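Following: one structure in structure tokens, then a few remarks.
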Amino acid sequence: MNTKNHMAIYPAIFTPADGRYLISFPDIPAINTIAETEEEAVLRAKEALELSLFLEKWPTPTKIQDVAVKQGEMLVMIYSDMRNVVGRYKRSRKQVTIADVYLTKMEERGLNISDTINQALQDRLDKN
């Protein structure tokens, strides 16, 4: 995981079974999903990864060369820009006070206040 740009890239194992694909993540054992096709498997894996990472602290991804894959299984790297995930979940309105100097700098850079606050919170919470 690259914390500077919030890119999440994790290995997933696709296991063919009974005409479907069972999907698991070596680094996040709680994630398991199933799909009918390879394309659907990638989409479901991405969705499951994003939900898990949104709710939990990000584990360190295993390097590709260190992932054990059994015969018949496929190793697929699943990618997500987690900045896009934050907007998919319920938001709450809160009144906050921001120093004018920061508001001016944000406006000069074309930054959205809500997105910037959400990103700062995610950064701060991921460190703890």
Side-chain angles (χ1 to χ4, degrees):
M1 180 235 6
N2 186 334
T3 57
K4 284 193 175 187
N5 59 15
H6 300 280
M7 301 299 167
I9 304 172
Y10 284 85
I13 305 293
F14 289 16
T15 306
D18 299 324
R20 296 181 181 169
Y21 293 92
L22 307 176
I23 304 143
S24 62
F25 287 81
D27 301 310
I28 313 168
I31 299 179
N32 289 294
T33 189
I34 192 166
E36 299 291 327
T37 66
E38 287 181 17
E39 294 81 11
E40 182 186 8
V42 171
L43 294 174
R44 286 187 182 258
K46 183 176 187 297
E47 183 179 76
L49 176 66
E50 289 172 346
L51 181 58
S52 178
L53 296 181
F54 181 77
L55 298 174
E56 303 293 333
K57 186 171 178 146
W58 295 15
T60 302
T62 302
K63 294 179 182 179
I64 295 173
Q65 64 269 19
D66 296 335
V67 178
V69 181
K70 298 175 186 167
Q71 186 171 355
E73 293 180 333
M74 294 178 282
L75 173 63
V76 179
M77 298 304 290
I78 302 298
Y79 158 85
S80 177
D81 182 341
M82 293 301 290
R83 292 174 295 186
N84 297 328
V85 175
V86 173
R88 295 183 198 162
Y89 298 95
K90 182 180 181 267
R91 292 181 177 216
S92 298
R93 289 189 173 270
K94 299 292 177 192
Q95 184 174 356
V96 297
T97 303
I98 302 172
D100 286 340
V101 66
Y102 297 128
L103 286 175
T104 301
K105 287 181 179 183
M106 288 175 58
E107 289 171 2
E108 288 171 355
R109 296 178 186 177
L111 298 174
N112 177 286
I113 293 171
S114 293
D115 290 345
T116 303
I117 291 171
N118 276 304
Q119 192 64 54
L121 286 168
Q122 185 176 357
D123 292 346
R124 182 79 178 256
L125 294 171
D126 283 350
K127 289 179 183 176
N128 296 326

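Bear in mind the structure is a predicted one, so any value in this text is a computation, not a measurement. Computed over heavy atoms, backbone and side chain alike; hydrogens, waters and symmetry mates excluded.
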Is the shortest heavy-atom distance from the side chain of R44 to the side chain of I34 under 4.5 Å? no
Quick one: side chain to side chain contact (heavy atoms under 4.5 Å, CB included) partners of L103, sequence neighbours excluded? I98, D100, I113
Output all residues satisfying side chain to side chain contact (heavy atoms under 4.5 Å, CB included) with T62, sequence neighbours left out; order by chain, then residue number. P11, D27, D66, V67
Heavy-atom neighbours of Y102 OH exceed 12 at 6.0 Å: no
For the atom pair CE (M74) and OG1 (T15), what is the distance rounded to the nearest 0.5 Å? 8.0 Å
L22 vs F14, side chain to side chain contact (heavy atoms under 4.5 Å, CB included): CA-CA, chis, key distance, verdict: CA-CA 6 Å; L22 307 176; F14 289 16; over 6 Å; no
Side chain to side chain contact (heavy atoms under 4.5 Å, CB included) between N32 and F25: does it pass, once the steps are laid out? CA-CA 7 Å; N32 289 294; F25 287 81; over 6 Å; no
With no hydrogens and no angle check, is any side-chain donor or acceptor of Y21 less than 3.5 Å from a backbone partner on I13? no
Non-hydrogen side-chain atoms of E108 and T104 separated by less than 4.5 Å: yes
Result of checking V76, I78, T33, L49 against I23 for side chain to side chain contact (heavy atoms under 4.5 Å, CB included): T33
Taking all non-hydrogen atoms of both residues into account, name the closest pair between P26 and A12 and its distance. CD-CA, 4.5 Å
Measure the CD-CG distance between E39 and L43 for me, rounded to the nearest 0.5 Å. 8.5 Å
Does atom CD of Q65 have more than 12 heavy-atom neighbours from other groups under 6.0 Å away? yes
Can you tell if the side chain of Y10 reaches within under 4.5 Å of the side chain of S80, non-hydrogen atoms only? no
State yes or no: do V69 and M77 share one hydrophobic cluster built from I, L, V, M, F, W and Y residues joined by side-chain heavy-atom distances below 4.5 Å, directly or via other members? yes
Should L75 and I9 be regarded as members of a common hydrophobic cluster, given that ILVMFWY residues are connected when their side-chain heavy atoms come within less than 4.5 Å of each other, either directly or indirectly? yes
Mind listing the closest non-hydrogen atom pair of E73 and P16 along with its distance? CA-CD, 4.4 Å
